[in-house]
Amino acid sequence: MARGGKRKGGKTPGKAEPAGPDGDRGTGKAAGAHGTGPADLAHRPVEALTRAEAEAELARLAREIAHHDALYYQKAQPEISDADYDALRRRNEAIEARFPDLVRPDSPSRRVGAAPAAAFEKVAHRVPMLSLANAFDEEDIRDFLARIRRFLGLAEDAELAVTAEPKIDGLSISLRYEKGRLVLGATRGDGWTGENVTANVRTIDDIPGTVEAPDFPDLFEVRGEVYMEKSAFAALNARIAAEGGKVFANPRNAAAGSLRQKDPMVTAHRPLRFFAYAWGEASRVPEPTQSAMMAAFSRWGFPANPGLRLCHSAEELLAAYREFEVSRASLDYDIDGVVYKVDRLDWQARLGEVSRAPRWAIAHKFPAEKATTIVQDIEIQVGRTGALTPVARLAPVTVGGVVVQNATLHNEDEIARKDIRIGDTVVIQRAGDVIPQVLAVVKERRPEGAEPFRFPTRCPVCGSHAVREVNPKTGREDAVRRCTGGLICPAQAVERLKHFVSRDAFDIEGLGAKQIAAFFADGLVKEPADIFTLEARDRAAPEGARLADREGWGAVSARNLFAAINARRAVPLDRFVYALGIRHVGAATARLLAHAYGDFDTLARAMTEARDRESDAWRELVSIDGIGEVVADSLIEFFREPHNREALDRLLAQVTVLPVEQAESASPIAGKRVVFTGTLERMTRAEAKAMAERLGARVTGSVSRKTDYVVAGPGAGSKLAKAQELGVSVLSEEEWLALARQGG
Ligand code: IVH
């Protein structure tokens, strides 16, 4: 069978599992039983297709694969599993193999991936970034070695050294160094043209900005994988979820999404890592073998995967594969297979490439961890911001050593698309630490009378209407349905309280989600202020009805809790703002606001004034780097709502919000408002901004009368003009650095 998978993804384990509706592998297994309408063409075995049907199928597959490529490469939000994607590509290639003259000019087999999105500057790769052919079993590996021997004319007993290293599940990147300095970081894109993500790449600690080693070539492109560790991914998602944002489906998507941020500061706060494993354009390649080059990478300061092995036979390669497969679970990063590469570089050069993949390398993929189980129920959870999230309650099943009982169903469109019904047998997949997902329904096993799932249009907790908002920018309906109950919805209230006491917010020891839920259920704590009146009310309560009398509590734990609550009666402004649980205001945004406004009164006043879009307050708010209109509107809305103001007043009667401390240094920059414009030559924007903020300055994106300094580099345009017009001090980068050095 043709090998598809120019993207990634495991072999679809067709033998062991029944083919679902999305899982037709073009093998004929799922076909036949589905009638003969045009919709069933997708399920017809390749061998049974007429010429006209094959043509129609190729057109459909080209469209569908292009669609999924765009989701995967440009939005980092794939809709289908890798296995399903691979199945589509394999079907396409199988049809093409049968009808070679029907291969379309836009055939997916002629492309590596999708064209890059337009937002970042495009960069052409001087040496294309190739893809890898996939191997799925032992036979494929033996074929691979035999092909190489044949191609090079090697005798069967001639030594053929091949490296084996993990295939990192991240995204590939090319790092161009000139005279030891990093000058360009580019994504792969379609293999020929990628995106310039240099500013973002510079924020990754694993990637050296300069390389001093004497044997580092004058011009050298290091290539490798940017990835996110599983633990960091889990923490990031927890943070995003706490902020009411959209979590990433897996570490790979998180890494891709983080690298493609428009604001490098956002990337800087994302824990990205890097492994080097290849190179592109190079003025010189100092070593004769792949393995020696990997050692050189380490010497030069680039992380190289420590798992690399040098093997000399198919048996050794397969043994390495099995070892990597075993160690996979204990690694803190996702690997989705093992890559084998011919060790001798002169042989690599001779072998060259075929259809955009080197002949000298192959990716041996791991099968995805999957299992089959039954959907016992579909529950709807209501989040802090009212989002209704469907969760499948599953008959417990072990997947990759972990018992799975729940799977996220994401949203109502997802349920409809996969037609998941209560009682259905489903194929689930677990990859790394990611929440298990339902891949497909085994329709053959659907119990009689199973009804399509009706997604509620009312909140299951408070009964308010639940609606899908229309994004004013795109005009498209949000995938998420939200409860409109706001302040009256108990589910939202309890989730807001949980958020209020969470780690980045008030962080009250001994008062976690569990205790909050219990206090809320008993009416002890209904809003944040109640937490701080708990002790006084407890004292006034009759004997036997006090906290110390509750099950699981005692005098000591009650005393400890009150002490912990009292310890948080003074709270820094950023924590306070974050704790309010305003939609779109996460910890990072809260810090920006705290820094910008200094104290709570100023902030609250500004949010009221900013209702007027013509006001300075509005302009100032949206000029804060990292705060856009959506966040601004959400803030203004929060402060406009009388119930929120009242709850805030009750809370402020209990706690003191600490203003932001002025920077410790006596820097002349402290407290100043600064705008950077034009090109900086001594440091990146991100670096300049971080330095300014460290010294207590506030960096904004637009020039106003309140701006203290505009730091202008070459190419500065309208902001410089505006500064001159308003009489704002304009500094060169040098002058700025001199100022920054004073008192710092
Ligand atoms: S070598 C010319 N080595 O897999 C060969 N690729 O499916 C260049 N990948 O685009 C690739 N780990 O993003 C190589 N150890 C590894 C890898 C690796 C992950 C990715 C890379 C590549 C894709 C191909």
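Along the sequence shown, residues are numbered consecutively beginning with 1. In each ligand, atom 1 is the first atom listed, and ligand 1 is the first ligand listed.
For residues 316-327, the set of pairs meeting the salt bridge (Lys or Arg N to Asp or Glu O under 4.0 Å) definition, not counting sequence neighbours, comprises Arg309-Glu323.
The shortest heavy-atom distance from Pro358 to ligand 1 is under 4.0 Å. Residue contacts with ligand 1 do not include Arg223, since none of its heavy atoms lies under 4.0 Å from the ligand. For Pro166, the heavy-atom gap to ligand 1 drops under 4.0 angstrom.
Tyr277 pairs in a side-chain contact (heavy atoms from CB on, under 4.5 Å) with only one of the listed residues (Gln290, Met294, Lys167), which is Met294.
In terms of polar-atom proximity, defined here as any N/O pair under 3.5 Å, Val339 makes no such contact with ligand 1. Of the N or O atoms in Ile168, one or more lie within a sub-3.5 Å distance of an N or O in ligand 1.
The six-membered or imidazole ring of Tyr227 lies away from that of Phe233, with a centre-to-centre distance of 6.0 Å or more.
A salt bridge is absent between Arg359 and Glu353: the closest approach of a Lys/Arg side-chain nitrogen to an acidic carboxylate oxygen does not fall below 4.0 angstrom.
With distances taken over non-hydrogen atoms, the option nearest atom 20 (C) of ligand 1 out of Lys341, Glu225, Glu165 is Glu225.
The two atoms that bring Pro264 and Asn200 nearest to each other are CA-OD1, 3.1 Å, heavy atoms only.
With a 4.0 Å cut-off on non-hydrogen atoms, Arg188 touches ligand 1 through its side chain and not its backbone.
Residues satisfying the ring pair (Phe, Tyr, Trp, His ring centres under 6.0 Å) criterion with Phe144, sequence neighbours excluded, are absent altogether.
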